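Reviewing the structure listed below.
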Amino acid sequence: MNVFINKRIPEIGINMLKEAGLNVIIPENGNLVQEEWGEYCKDADAILNVGINKFDKDFFDRFPKVKAIALYSVGFDHVDIKEANARKIPVGNTPDVLSKATADTAFLLMQSVARRASYNFQKVKDGNWDLFDPLEALGQELYGKTLGIFGLGRIGFEMAKNSHRAFDMNIIYHNRHRNEQAEKELNATYVSFEELITQSDVLSVHANYTPEHADLFNKSVFEKMKPGAIFVNTARGGFHNQTDLYDALTSGKIWGAGLDVTNPEPMSQDDPLLQLSNVCVLPHVGSATMEARSGMARLAAENIIAFSKGEKMPHCANPEVY
Ligand code: 8YV
């Protein structure tokens, strides 16, 4: 069985596939765009996909031999699941192993913005180290503040736990379902979307992205948020309207923003958001730890190996396919 992997992943995953007797195809050029996959994909039975490449009707029509997709991500918003189901193509993902790393990134962004860390670092690099100006670049403390979590699943829970333990933050959340564990262990309170946006001092997005969420955090939402609020997004850039976010930040409707995901990705170097002192942007590195990336490689390989044996993928985004 041929497995196409579009970029090198940690050795553990590649070794597992090879030891299972699978033929692994990895292009020399790890920066191929999806349109350039043709010669590798035409003979592939399964694909291990790194990144947010699109798997839609056109792709499946173009490569009818492909019968399984193992994503190197927990998010699967870039796959047309209906189309995969119609063709009985299982789509694997990598839950849990990256929850802590991604939540740590949200926690890092929250603190970076609260203390204007990237702005201050830039000042040092630019040779503008002012000595103790009592009024310059003041941050805010997070102790006892309210953290609002939009989407309290595995990653949201870790972010809530970090913040509750470190800063005694009061946790409120809005989710499709109640999270009893968070209510019990973190004293989290379920609130309406309206309450979430109006009561949060920090609002952190952790939900799975679907098209209905496009631009959910927009002008009308930012206008209702507290003027001292920090918006954090480590989920998907589609959740926020970036122009509205810029306007909200420059007009003082909200206080700051920390983003690990943008719209589009990569973000343009000229994006005006990057000029603001109350913003910290990271290049989608939520899962970029050695531990998480190795775990993702292991889970993706487990998915492909199970498929190759005619078994169900153990970490499957569309279990209904079976
Ligand atoms: C990945 C991610 O880094 O898991 C996800 O959903 O967004 C990230 O962990 C990225 O998708 C690379 O495959």
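Remember, predicted model here, so these are calculated numbers, not experimental data. Just so you know, ligand 1 is whichever comes first in the structure, and atom 1 is the first atom listed for that ligand.
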Is it the case that the side chains of [Y] and [X] hold a donor-acceptor pair, with the cut-off being a distance below 3.5 Å and no angle test?
X	Y	answer
Asp244	Asn218	no
Ser220	Glu223	no
Asp126	Gln122	yes

Checklist entry - Checking salt bridge (charged side-chain N to carboxylate O under 4.0 Å, His left out) for the pair Arg8/Glu28: CA distance, chi angles, key distance, verdict? => result CA-CA 9 Å; Arg8 283 208 89 76; Glu28 286 286 310; over 6 Å; no
Checklist entry - Of the non-hydrogen atoms in Arg116 and Leu138, which two are nearest, and what is the gap between them? => result NE-O, 3.1 Å
Next on the checklist: Does the Lys NZ or Arg CZ of Lys125 fall within the cation-pi geometry relative to Phe121 - under 6.0 Å from the ring centre and within 45° of the axis?
Outcome noted: yes
Checklist entry - Heavy-atom count around Glu180 CD within 6.0 Å, excluding the residue itself: above 12? => result no
Between ligand 1 and [X], is the shortest N or O to N or O distance under 3.5 Å?
X	result
Met296	no
Gly75	yes
Thr94	no

Next on the checklist: Using the ring centroid of each side chain, check whether Phe217 and Phe193 are separated by less than 6.0 Å.
Outcome noted: yes
Item to check | Pair Tyr173 and Phe150, ring centroids less than 6.0 Å apart | outcome: no
Checklist entry - Heavy atom under 4.0 Å from ligand 1: found in Thr102's side chain, backbone, both, or neither? => result neither
Next on the checklist: Is the contact between Arg293 and ligand 1 made by the side chain, the backbone, both, or neither, using heavy atoms and a 4.0 Å cut-off?
Outcome noted: side chain
Give me the residue, atom name and distance of the protein heavy atom closest to [atom].
atom	result
atom 13 (O) of ligand 1	Tyr72 O, 2.6 Å
atom 11 (O) of ligand 1	Ser73 CB, 3.4 Å
atom 4 (O) of ligand 1	Val74 N, 2.7 Å

Could you list the atoms of ligand 1 found under 4.0 angstrom from a heavy atom of [X]?
X	value
Gly51	12 (C), 13 (O)
Ser287	1 (C), 3 (O), 8 (C), 9 (O)
Arg236	2 (C), 5 (C), 6 (O), 7 (O)
Leu98	4 (O), 9 (O)

Next on the checklist: Just to be sure I'm reading this right: ignoring hydrogens, which of Lys7, Glu265, His284 gets closest to atom 7 (O) of ligand 1? Compare them by their nearest heavy atoms.
Outcome noted: His284
Checklist entry - Is the closest heavy atom of Gly286 to ligand 1 under 4.0 Å? => result no
